Amino acid sequence: MDSHVAVSDEAVVEHTTLKHHFENAEQQKDAATVGMWVFLVTEIMFFGGLFLAYFAYRQKYPIAFASASNKTNLLIGAFNTTVLICSSLTMALGVHAASLGKRKLLILFLILTLLLGGAFLGVKTYEYHDKWVHHEVPGEHFECEGCKDAGHASLFFSLYFGMTGLHATHMIVGAGILLVLIWQAYKGKFTAEWYTPIEMFGLYWHFVDIVWIFLFPLLYLIDRSGRGLS
Amino acid sequence: MDSHAEHHIVPKRVYFAVFAALIVLTWVTAYVSTVDLGRWNIFVALAIAIVKASLVILFFMHVKYSSRLTKMTVGAGLFWLIILLFMTMTDLWTRNMMGVPGR
Amino acid sequence: MITATQTAVKEKNYINAEDGLMSWLLTEDHKRIALLYLIVVTGFFAIGGLFAALIRIELATPAGDLFDSNTYNKVFTMHGVIMVFFFLIPSIPAILGNFLLPLMIGAKDLAFPRINLLSWYVYMVGGVMILYVLFSGGVDTGWTFYTPFSTSYSNGYVIAAGLAIFVNGFSSILTGLNFVVTVHRMRAPGMTWFRLPLFVWAHYATGAIMILGTPVIAVTLFLLVLERGLHIGFFDPAYGGDPILFQHMFWFYSHPAVYIMILPSMGVISEVISTFSSKKPFGYTFIAFSSIAIAVFGFLVWGHHLFVSSQSAYAGMVFSVLSMIVAIPSAIKVFNWTSTMYKGSVRLTTPMLYAIGFMGLFTIGGLTGLFLASMGMDVHLTDTYFVIAHFHYVMVGGAILGYLAGIHFWWPKMFGKMYDENWSRLSAVIIFVGFNLTFFPQFLLGYMGMPRRYHVYPPEFQVLNVLSSAGASLVGLGFLIPLTYLLWSLKYGPDAPPNPWGATGLEWQTTSPPPKHNFEITPVVTHEAYDYDALYKREGGHVG
């Protein structure tokens, strides 16, 4: 253990981390958890608007969407999904390590999560660049080579960039927070009695993973059998 | 207060099992999309995604071991998302069904 | 009168606990944050009111002689944007809700005090942004920002305005998040759900709407800004986009938003009517559950704003029926409030005058909403002054009267000062008369066909318009009077006792103003809500 005081760890933790308006640490932790989940509910509704636009336009232009979706790279998408799931595992293991007070293991898992998240973003950057080079970015110079119903294909790409862009923004914010948490963990801020920020961040990170779990099939997997219709 | 649930520490083997399931399901959904199932492709893809999301929510995010309030909060979020999607689509699915212009 | 502790009150309360500007700007005290909100929200109310005055001056004559049409578009847009997002939505929750919620449930603060402070700063950033829009020349799309005008044709500051509201929305989300978690997890021992004051139930329901609805308008404005900035066609028909999708997404929030505006007001009314009838609210459980019902059903009716938009008629029918149903919980409340007053010991204090006014005006507003909910009638009435009259009856006659009732009811608690009852009652009457003179003619105008958002109209509509503008002057005067006597009371008003009105509720058991940490020892609640018998035993009859 990293504490150097004679007083019990719990008392130290209670003294330094318990806010005055809470009766006890349990109430504080509970409030934090509910609060984080309420925030995630707002995120569900935030992304939900984009999913609505996606469903509205996919059902209206199934051919354009299928054709445009085939322009994404299935293997890269599946690979990236795997990377993100790995980062969710490392995050869950990080929370687990924190709950047992294993500081070094916690730091290791947080760093792994950060690296995996970074890898995901790196691959995304490559994909975006590829789209840019092929003029598949909506706007004045948009063209969808070989797309059926190309006139409506730009809607797919607007949603592609909108949804993955918003997702990537959430990941970048997450990466920033991870850096802070790694630093704080290194400084010994977290103990087996109190590791709430780690747990709360874990919820956030898993949520971002879940968004991608839906984005992958919706954006990458429309009509991969080459049937021509959805 | 039913917050004693927060102290439950999930054993690592549960995490690894969920992880394995998620990886398998990812490649399953990728593969199934290349198979022509007609209009069922999207339903299968969404069903697999829902299973994956549920695993993450229940185990990685500890909701299985969380308080009733947490479970209700998650449920409310999902329910409201469904309202947003479903009620809007009632318009988009039934356009031009009356044979009257603009209705 | 409890005089023994009054000198003690002057010693230490949340206002004089700490000195200096930074102790206010960096406060975590929910009561101080409430006052920070009071100042800026009042400021925006004044700006929104200024635009209202400009509208009514223009409309006093049939010709468009004060503004050209583009400028007029900007005037009513700024009026709507500021009044809806920067006044009505935050008003009661951010001021009275923030101040009272912890006190009412026996807590020392909200669950997340720093997030509370953050919500104020976020509001300020949004406020600065909208002022930037204002001084740059405004936006002319209407507060509804319909596409494709807003994305492709408007020459106003659409992106800046959209972003200002986007930012402002987060203030709302943070407030709602705080309220919901607080009510769930910060109640004092013995404060069960069904012992909560109805004000708390109302704010819980409001918080839920803020959490579930606001993110949708956030993403809608996000898409609007992307489309206008990058020309990428989410809602542009040229790319296959659907302008009606924008309307769906916009109203998914903006309809529940009106319940954000009215539910807190209803919470105030429940408290005021009970106190000044010295009777516990009739049908407490019904009022509590009706707040939840309004919050839930309020999310299912937004399509009634799209009846003439080319939304499918089948969807229209569904939304029409649901809109009728959502009126039921509100009606239940009105019946319950009336029954509360029946055989009660009614005192016509200022808050009570506002509350009674609320009941009448909200009923008219609500009933006229049913006219609009009926698809067939709506075809005739939509986009006319009938709609404007309807929503001003519920928003001003309802929400604002409730706000004023609340400010007058809890002013002694918040500031430890009593205001002049004669001036306050007079201004309540002036506001009531002026309001009706302003907006009742608008029902007639709308029914006769005068369209909204037009600055010219046929000469035969002038008489009613002049009446309306005259009423507006009266209302404006009416709002200025409280500003004066309330501020005056801060310096010259008599000191307020802990419970000047003989009200139940934990906030009245602490000093006026309350101490910094609300309760030195967490109270333990052992009796039901609105227990006037216990109150009289404790305090020996009500005061004043």
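What you see is a predicted model; the values in this text were computed from it and never measured. Numbered from 1 within each chain, the chains take letters A, B, ... in sequence-line order.
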*Closest non-hydrogen atom pair, A/Leu155 against C/Gly233*: CD2-O, 3.2 Å
*Side chain from CB out, backbone as N, CA, C, O: work out which of these in C/Met210 comes under 4.5 Å of a heavy atom of chain A, or both, or neither.*
neither
_Region of C/Ala218 in contact with chain A, defined by heavy-atom distances below 4.5 Å_ = both
*asked:* To check you understand the geometry: which heavy-atom pair defines the closest contact between C/Phe179 and C/Gly97, and what is its length?
replied: CZ-C, 3.7 Å
*Residue part contacting chain A, namely of C/Phe252, when any heavy atom lies under 4.5 Å*: side chain
*Any idea which heavy atoms bring C/Phe166 and C/Leu221 closest together, and the distance?*
N-CD1, 3.9 Å
*Against chain A, work out which of C/Ile115, C/Leu226, C/Leu245, C/Leu174 has the most heavy-atom pairs shorter than 4.5 Å and name it.*
C/Leu245
*Might you point out which heavy atoms bring C/Tyr123 and C/Pro90 nearest each other, and give the distance in Å?*
CE1-CG, 3.7 Å
Output all donor-acceptor pairs under 3.5 Å across chain C and chain A; consider backbone as well as side chains.
residue	atom	partner	partner atom	Å
C/Leu110	O	A/His21	NE2	3.4
C/Ala111	O	A/His21	NE2	3.0
C/Arg185	O	A/Gln27	NE2	2.7
C/Arg185	NE	A/Asp30	OD2	2.2
C/Arg185	NH2	A/Asp30	OD2	3.1
C/Ile232	O	A/Ser158	OG	3.0
C/Phe234	O	A/Tyr57	OH	2.4
C/Gly240	O	A/Tyr61	OH	2.8
C/Asp242	N	A/Tyr57	OH	2.7
C/His517	ND1	A/His20	NE2	3.4
C/Thr522	OG1	A/Glu23	OE2	2.9

*Which pairs count as disulfide (SG to SG under 2.5 Å) when at least one residue sits in residues 135-173 of chain A, sequence neighbours excluded?*
A/Cys144-A/Cys147
*Backbone N or O of C/Ser291 within a donor-acceptor pair of the C/Trp201 side chain at under 3.5 Å?*
no
_So A/Leu84 and A/Met171, do their side chains get closer than 4.5 Å, heavy atoms only?_
yes
*asked:* Taking side chain as everything from C-beta outward and backbone as N, CA, C, O, which of these in A/Leu159 sits under 4.5 Å from a heavy atom of chain C? Side chain, backbone, both or neither.
replied: both
*Greatest number of heavy atom pairs closer than 4.5 Å to chain A - which of C/Val219, C/Val181, C/Ile217, C/Ile173*: C/Val219
_Leading residue by heavy atom contact count with chain A [cutoff under 4.5 Å; candidates C/Val180, C/Ile211, C/Leu223, C/Leu230]_ = C/Ile211
_A/Phe157 ring center near A/Phe142 ring center (under 6.0 Å)_ = yes
*Does any heavy atom of chain C fall under 4.5 Å from the side chain of A/Ala31, the backbone, both, or neither of them?*
both
*Are there more than 12 heavy atoms of other residues, nucleotides or ligands under 6.0 Å from atom CZ of A/Phe22?*
yes
*Flag side-chain contact, heavy atom, 4.5 Å: A/Leu181 against A/Leu106*: no
